[in-house]
Amino acid sequence: MKILDCTLRDGGYYTNWDFKPALVETYFRAMQQLPIEYLEIGYRSRELANYLGQYFYCPEYVLENARRLTDKKLAVILNQKDFPASDVKEVLVPVKDYLDLVRVAVNPDNFDEALILATELKSHGFKVAFNVMYMSSWSENGAFIKELPQTSGLVDYFYMVDSFGGVFPADVKQTIKMVRNETDVALGFHGHNNLELGLINTLTAIEEGVEIVDATITGMGRGAGNLKTELLLTALNAKHELDVNFNALTSVVEAFEQLQSQHGWGTNLPYMVSGANSLPQKDVMEWVTRRFYSFNSIIRALQNRKKGSQDNEKLPIFEQLSSYRNVLIVGGGPNAVDHAEAIKHWISNKESVAIVHASSKNAKHYEELLDTPQFFCLVGSEGHRLEKVFDQMADFKGQCILPPYPREMGTYIPSALSGKSNELKEVTFTKVNKDTHTVLALQAAIDLGATQVFMVGYDGYMEGNISQQEKSLSEENELVFKDFNVIAENSIVSLTPTNYKGLDVQSVYGKLV
């Protein structure tokens with residue numbers, strides 16, 4: 001039984017993040033002393049739309065350095081949908097001397113194309129593994145199974161990939177039996193850890209005679225992550241007396257634990273629900289890492305998706321009998337608080353103005369403006385925050401605005417506000433996700449008839465002190481501002497300091513003179 005470690009490949013998933021040389025050397029030094037046969041270094045491909053780190057693209061110098069640092073067998077992986085057979089000669093043949101295995105990530109729906117790619121790879125002398133995805137859905141979507149005999153003599157390893165992290169040991173046994181009835185290719189197993197079954201499923205696969213299995217240091221991987229290499233080695237040491245250098249293992253685990261605390265891979269309740277129901281974790285990753293949705297909202301959305309049902313009841317459409325020439329959008333940044341007194345003076349001297357709270361975080365500072373209509377955007381768990389900001393919801397004077405129906409993400413509406421909540425009819429100015437605070441606020445401004453939109457508390461983020469989550473939100477807001485400015489007669493004006501390039505900054509103090 002062989003073990004393939006794909007830690008470096010999974011590191012490439014983190015946008016704009018590269019391994020540091022010291023960490024790479026720690027990794028290879030440890031791997032040299034551990035019973036790991038293959039090291040998968042990264043993806044190999046032509047340039048794609050988004051930069052995903054040097055270990056995603058795996059340029060030649062990375063493979064050259066890897067070969068210098070280790071005598072372990074080296075592998076790369078291709079995403080079949082992004083890698084036509086015609087690319088083999090130009091993209092892979094030049095690095096052939098560094099590679100001992102080429103793995104192909106295969107969507108079962110594209111199995112015919114994968115066989116063509118494998119044929120081309122074998123014609124150039126490459127050893128080939130198929131990593132066939134969505135294992136938990138093969139019993140319902142397994143038309144490709146009848147094509148498995150074509151892998152005999154063509155593919156060196158056939159991997160069963162639990163993409164959703166939702167299979168159980170009995171499923172592993174059943175799938176292995178089904179595949180073995182169709183092909184004599186050596187089998188492999190790649191488990192994800194949504195339900196924390198990566199270890200038991202892998203041990204089951206080993207007991208069933210699977211020849212090769214995958215793992216990553218600290219379970220590194222997108223979303224819920226993978227089986228931990230250190231856990232697998234420890235279990236095999238105890239169960240099969242596998243010789244493990246625990247000093248070397250400790251050194252590499254400690255190094256990667258620091259990264260894990262920064263990037264936060266690993267399972268949680270939404271990933272568990274997506275795994276248990278064989279639902280793709282792509283949206284869960286978006287909701288958990290880029291949005292501030294409650295777990296209740298995420299799980300409700302996942303359950304509705306499984307049932308094929310719409311999430312929310314329809315609400316009355318947001319329609320205003322009165323229009324407001326000026327709309328002030330209040331964000332959650334500190335500047336909406338730091339300059340609140342000046343902003344309130346500006347509002348009191350401004351005609352035909354309404355306030356839209358994109359986030360209710362700073363709303364308490366504007367509560368005293370009883371003569372100014374105030375609207376509150378409810379997205380995801382924002383209703384819970386509204387309840388914390390305003391202790392007595394019965395005295396709440398504002399009006400709540402929700403995204404258009406149907407809302408994919410469940411939105412909580414405080415019971416006291418059920419009669420004060422409306423939904424937008426549609427989002428007209430952008431294709432960016434309609435369930436974002438900024439899109440909702442700007443569309444509300446359009447529907448309120450604004451001829452000029454002002455913003456406060458949209459501070460933006462300083463590069464260098466910015467997390468990946470903040471960077472993604474910042475980039476998304478910039479796109480939204482750009483789309484809005486295309487249809488607006490006037491650009492959006494920020495009355496407080498901001499790092500957003502799409503906002504025209506004009507000091508609120510200059511407007512009080």
Side-chain angles (χ1 to χ4, degrees), residues 269-270 273 287-288 290-305 309-322 324 327-333 336-337 340 344 354-427 433-445 447-448 456-458 473:
L269 188 54
V273 173
W287 295 335
V288 170
R290 291 186 61 193
R291 309 266 172 234
F292 298 95
Y293 296 137
S294 71
F295 277 9
N296 274 347
S297 296
I298 294 172
I299 290 167
R300 186 162 61 246
L302 288 171
Q303 290 172 337
N304 287 332
R305 181 173 294 186
S309 62
Q310 303 291 359
D311 184 47
N312 301 95
E313 61 179 307
K314 288 185 70 70
L315 298 170
I317 298 297
F318 178 66
E319 295 178 329
Q320 289 300 301
L321 298 178
S322 301
Y324 301 89
V327 169
L328 175 70
I329 297 176
V330 180
V337 176
K344 286 185 284 188
I355 299 174
V356 175
H357 294 276
S359 165
S360 57
K361 181 178 180 180
N362 296 322
K364 194 73 174 175
H365 295 275
Y366 299 87
E367 184 180 20
E368 65 192 68
L369 298 173
L370 299 178
D371 295 331
T372 304
Q374 299 195 42
F375 303 89
F376 295 79
C377 297
L378 290 194
V379 179
S381 59
E382 188 66 28
H384 292 290
R385 176 150 58 185
L386 199 62
E387 288 179 317
K388 293 178 181 179
V389 172
F390 296 99
D391 298 330
Q392 301 298 324
M393 294 304 293
D395 298 329
F396 182 76
K397 304 299 183 184
Q399 183 177 353
C400 296
I401 306 172
L402 285 81
Y405 179 88
R407 293 174 287 282
E408 181 177 41
M409 175 55 57
T411 302
Y412 171 72
I413 303 175
S415 57
L417 304 183
S418 59
K420 301 179 179 180
S421 300
N422 298 80
E423 64 184 43
L424 295 177
K425 182 179 181 180
E426 59 182 332
V427 173
N433 190 325
K434 68 180 182 181
D435 286 358
T436 76
H437 293 262
T438 303
V439 168
L440 192 55
L442 286 170
Q443 185 63 49
D447 292 355
L448 287 167
V456 295
Y458 269 78
L473 287 171

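- For Lys364, the salt bridge (charged side-chain N to carboxylate O under 4.0 Å, His left out) criterion is met by Glu367, not counting sequence neighbours.
- When every heavy atom of Leu448 is checked against every heavy atom of Ala354, the shortest pair comes out as CD1-CB, 4.4 Å.
- Residues satisfying the side chain to side chain donor-acceptor pair (under 3.5 Å) test with Glu426, not counting sequence neighbours, are none.
- Ser359 meets the side chain to side chain donor-acceptor pair (under 3.5 Å) test with Arg385; sequence neighbours excluded.
- Scanning for side chain to side chain donor-acceptor pair (under 3.5 Å) contacts around Glu423 gives Arg407, with sequence neighbours left out.
- Counting all heavy atoms, side chain and backbone alike, Lys344 lies closest to Glu368 at NZ-OE1, 3.2 Å.
- With hydrogens and angles disregarded, no donor-acceptor distance shorter than 3.5 Å links the side chain of Gln374 to the backbone of Lys397.
- In this structure, the ring pair (Phe, Tyr, Trp, His ring centres under 6.0 Å) partners of Phe318, at least two apart in sequence or on a different chain, are Phe375.
- A search for side-chain contact (heavy atoms from CB on, under 4.5 Å) contacts involving Ala441 returns Ile329, Val356, Ala358, Cys377, not counting sequence neighbours.
- Residues passing the side-chain contact (heavy atoms from CB on, under 4.5 Å) test with Val337, sequence neighbours excluded: Asn362, His365.
- Considering every non-hydrogen atom in both Tyr324 and Pro373, the closest pair reads OH-CG, 3.3 Å.
- In this structure Pro414 satisfies the side-chain contact (heavy atoms from CB on, under 4.5 Å) test together with Leu378, Glu387, Met393, Tyr412, Leu417, sequence neighbours excluded.
- Residues passing the side chain to side chain donor-acceptor pair (under 3.5 Å) test with Glu319: none are found, sequence neighbours excluded.
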